Amino acid sequence: MTPEDGRTIPSESSARASSTKLKVIDCDVHHALRSYKDLLPYMATRWHSHAEKFARRRPAPFQASSPYPKTAPALSRTDSWPPNGGPPGSDLAFLQEQLLDAYNIEYGMLHLLMSGMDERNQDLGNAICSAINDWQYEHWTQKDKRLKAAIVVPGEDPAAAVKEIERWAGNPDFAQISMVTHAIEPLGRRRYWPIYEAAQAHNLPVGLHSSGTNGQAVTSAGWCSFYVEEQHNVALSQQQLAISLVCEGVFERFPALKAVIIEAGYVWVPSAAWRLDQHWARMKDEVPHLTKKPSEYFRTHLWYSSQPADEPERPEDLRTVLDWIGWDRLLFSTDYPHWDMDNPETVFKLRLSEQEQKMIYNENARAVYGFA
Amino acid sequence: MARHVVAAAAEIPPGSRKIVTIRGRQIGVFNVHGEFYALLNRCPHQGGELCKGTLIGLALSPEPGVFELTRQGEMLKCPWHGWEYDIRTGQSWCDPNDTKVRAYPVTVEPGETLVRGPFVAETFAVAVEKEYIVVDV
Amino acid sequence: MSQTAAAAAQYTALGGIDCDVHPAVPGMQTLLPYLDPYWQEQVTVRGIDGLDLSSFPIEMDAHGRPDWRQPGTKPGASLARLQADALDGFGSQLAICNPLYGVLAIYNEHFAAAVARAMNDWLAAEWLDREPRLRASITVAAQNPELAVDEINRRAADPRFVQVLLLAQGEMPVGNRRLWPIYAAAERHGLSIGVHAGSTYRHAITSNGWPSYHLEDYAAHAQAFQSNLLSLVHEGVFNKYPALTFVMIESGFTWLPTFMWRANKTWRGVRAEVPWVDRAPSDVIRDHVRFTLQPTDAPPTGADMERLLNMIGSDDMLLFSTDYPHWQFDGHNVWPEGFSPALKRRILIDNPRNAYPRLKEARP
């Protein structure tokens, strides 16, 4: 007897046509540098040797690891390492195959998890941000028109950040502005307002993906022990970020500004909004700049990417939560290539109408990002 | 059900696997300590390619701070969300659902502390004939 | 919809157990008689005072309802007012005193322990001795778990102390092993652990740094409680102390069901990091953690609240509270819409009796 029928599927080739006709806008895609060296061509010469001699400096204990090691190498699906080498997300061709083509992605919103914003050497930080944007433009958005980048800005240096925004504003490859979310101060605070002013002026949303280190304890109750805690606490930080944007009055000062909270999920929104409303009722004299109930800003100025999608035991509970949030608030995202990414074909266990699918997978994002 | 030869036994030594296509379905064939098992290459959670996951043991613990790695090489960690599956049975080990709305038949294996969950990866009967591995699909 | 006091008295005529009232320490002067001579001299000579927690600025209406204030005193400083407003006002058979005062945030652990002891003595003498309906939390200086255990052992013989009080935002999340001697002592004595909203300011109020406004600080309590729940579950506190109940006090609870969905999902993928967690976090929380009623952070309608309560998946988890004298509701409107009479009864009486082993003697 000889083997018949059986053949090994090589791990490189898992491309297949999407089973859905719906074009998906994926609001959280993680491309990656092959290495820091990818940025050097876009940085002044002084930074070339600097990298070798001085390394990156951030308020974090390890040079090349989180203090909470993740559950998978590079935080990624173990089947997302490109066959031609490099870390997950670093190979455009493999990303096209595994994500864009596989799931009929019309647009993928890129979020690099590296930034110069939390670099303690501010000149270096500014240079890194500019270089990232140059690199994204040349190697990603110009090579695949489905990919849209965020303008990565050094938010702790607002003047430099605004300059970087001005450099790219109007360029259709860049669909939003991004800052790290674990910043020196909560992102609603006034020191970041020049960035929001520029964002509003150029009609660019701010896309706030959980990222960065600021030296604060990763939970507001102190330092947790385990990654299983930290992973969830990241979402709690994002909740606090949204609360900051609302309570500081960012949306009063910049009424046309749109903000997207990315990789926090969305089911937390109703209870956060109700809680704020209840206490604002008795504390409103402290925040006279808010002309509306806090919950209203959650409805008008904030959008939420869907991943990690929650999985209640009763899938229909998600319908209740979405009724509370507003069906126009949710932006589908995969978070490719991370280990907890969501598959657009299988992620929602509840029955969605065609209109609801269109909104979540495409039209809501279209409206936020102004795609034709 | 038809029987398909998928590989020579020597092709899949202990601790290794082979992913084959049989009647349009991708199936992972595993050699666990000399015994063969086959699982559908699709995680019941969100459809990830389960059979490309990492082979692991089953981490158990009698109390906080004490770690016991049992059944090394007998569990599969889905490459996507990391759910742990028993290769022999296809059973996932975390109980994902427990509310007062839905009643779950729950069994606890003697000597183990984990609760059996409802997610079961599809399995196929495997036999070794002469020197070849045969899968029933 | 407002309710008259008579109507309010009707449904509380059963005699509920109010699991969160705040007698106020007027100042260090009040505690002087309860300190030993060394500390009396330290406090007097060094002019130590002003230890009201920043988390609850006493000037704010939110932390002292205007009609519950007496001019010239801190809200909650008067036993007579607490009796009238909280106990008689809501027909409660019992109320648990959770005094919030600086001890929890003091860096000198010896001083903190001395103040804690003095507070407990003061509470017993000037509140519990004078009002048989009052029960209390043991104030401890959790900064030094050994000293905290000493205080618990000292106080445990008094059955009116039913709980050990911690703040939600301490030095470390409450599941951390360094706090376990406190939990061992509590379990041994049949005491529950109360985690109350508030910060020791060891860390920024949020993991993103310091917000500008108290409104944000107050909202941020919710996330701190969620971090603490993750800590309790994943450190394995209930594996080690299966008889313990933790009560989250002034935490809100409407965030709970969606929180549990996420906690379960994360655990399923990362389980092997904490292999002693042998069942879903939501199961652990439903068995071991309770939440006081105020603030309710209620959704807009009663139908929404019913749905939310249904999502929590257990009727056992909420404990009646007024949070007196904090301003969480007007008049007697302690219940938002959406709570059935049967559920109210459970929350008023059964759930508190079950959450506190030392309250089993309460009227069922």
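None of these values were measured; they are calculated from a predicted model. The chains referred to below are lettered A, B, ... by the order of the sequence lines, with proteins before strands, and numbering in each begins at 1.
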* **Donor-acceptor contact present, side-chain Asn208(C) to main-chain His182(A), <3.5 Å** => no

* Structure fact -> Max heavy-atom pairs within cutoff under 4.5 Å with chain C, candidates Gly212(A), Ser220(A), Gly222(A), goes to Ser220(A)

* **Under 4.5 Å from any heavy atom of chain A - which part of Ala263(C)** => both

* Please tell me if the side chains of Phe226(A) and Leu230(C) come closer than 4.5 Å, counting only heavy atoms from C-beta onward. => no

* To do: With a 4.5 angstrom heavy-atom cut-off, could you sort out which part of Ile184(A) is near chain C: side chain, backbone, both or neither?
  => backbone

* **Which atoms of Thr181(A) approach chain C - backbone, side chain, both or neither, heavy atom under 4.5 Å** => backbone

* When only pairs under 4.5 Å are counted, which of Gln216(A), Glu286(A), Gln239(A) shares the most heavy-atom pairs with chain C? -> Glu286(A)

* Asked: Are His289(A) and Tyr213(C) close enough that their ring centres sit under 6.0 Å apart?
  -> yes

* Has the side chain of Arg282(A) got a donor or acceptor atom that lies under 3.5 Å from a matching backbone atom of Ala62(C)? -> no

* Given that the side chain runs from C-beta out, which part of Gln223(C) has a heavy atom under 4.5 Å from chain A: side chain, backbone, both or neither? -> both

* **Closest-packed option against chain C by number of heavy-atom pairs under 4.5 Å, given Val246(A), Thr71(A), Asp323(A)** => Thr71(A)

* Polar contact flag, side-chain donor to acceptor under 3.5 angstrom, Ser207(C)-Ser237(A) -> yes

* Could you tell me which of Arg189(A), Glu185(A), Lys70(A) has the largest number of non-hydrogen atom pairs under 4.5 Å with chain C? => Arg189(A)

* Asked: Which heavy-atom pair separates Glu248(A) from Pro211(C) by the least distance, and what is that distance?
  -> OE2-C, 4.3 Å

* Main-chain N/O of Tyr227(A) paired with Glu273(C) side-chain donor or acceptor, under 3.5 Å -> yes

* **Check ion pair Lys265(C)-Asp342(A) (N to O, under 4.0 angstrom)** => yes

* Rounded to the nearest 0.5 Å, what separation is found between the CD atom of Gln278(A) and the CZ atom of Phe329(C)? -> 10.5 Å

* Take atom CZ of Arg190(A) as the centre, draw a 6.0 Å sphere, and report whether it contains more than 12 heavy atoms from other residues, nucleotides or ligands. => no

* **Engaged part of Leu308(C) at the chain A interface, taking heavy atoms whose separation is under 4.5 Å** => both

* For Tyr218(C) and His279(A), run ring-ring contact (aromatic ring centres under 6.0 Å, His included): C-alpha distance rounded to whole Å, both residues' side-chain angles, the deciding distance at 0.1 Å, then the answer. => CA-CA 8 Å; Tyr218(C) 198 82; His279(A) 302 290; 4.5 Å; yes

* Would you mind checking which part of Ala168(C) comes under 4.5 Å of any heavy atom in chain A, side chain (CB onward), backbone (N, CA, C, O), both or neither? => backbone

* Give a yes or no answer on whether the side chain of Gln240(A) reaches the backbone of Thr206(C) with a donor-acceptor pair at less than 3.5 Å. => no

* Residue part contacting chain A, namely of Leu215(C), when any heavy atom lies under 4.5 Å -> both

* Asked: Does any heavy atom of chain A fall under 4.5 Å from the side chain of Thr200(C), the backbone, both, or neither of them?
  -> neither

* Asked: Ser225(A) and Glu235(C): side-chain donor and acceptor closer than 3.5 Å?
  -> yes

* Asked: Of the backbone (N, CA, C, O) and the side chain (C-beta and beyond), which part of Arg262(C) lies under 4.5 Å from a heavy atom of chain A, both, or neither?
  -> both

* For Phe259(C), is it the side chain, the backbone, both, or neither that has a heavy atom closer than 4.5 Å to a heavy atom of chain A? -> both

* Identify which part of Val218(A) has an atom lying under 4.5 Å from any heavy atom of chain C, answering side chain, backbone, both or neither. => backbone

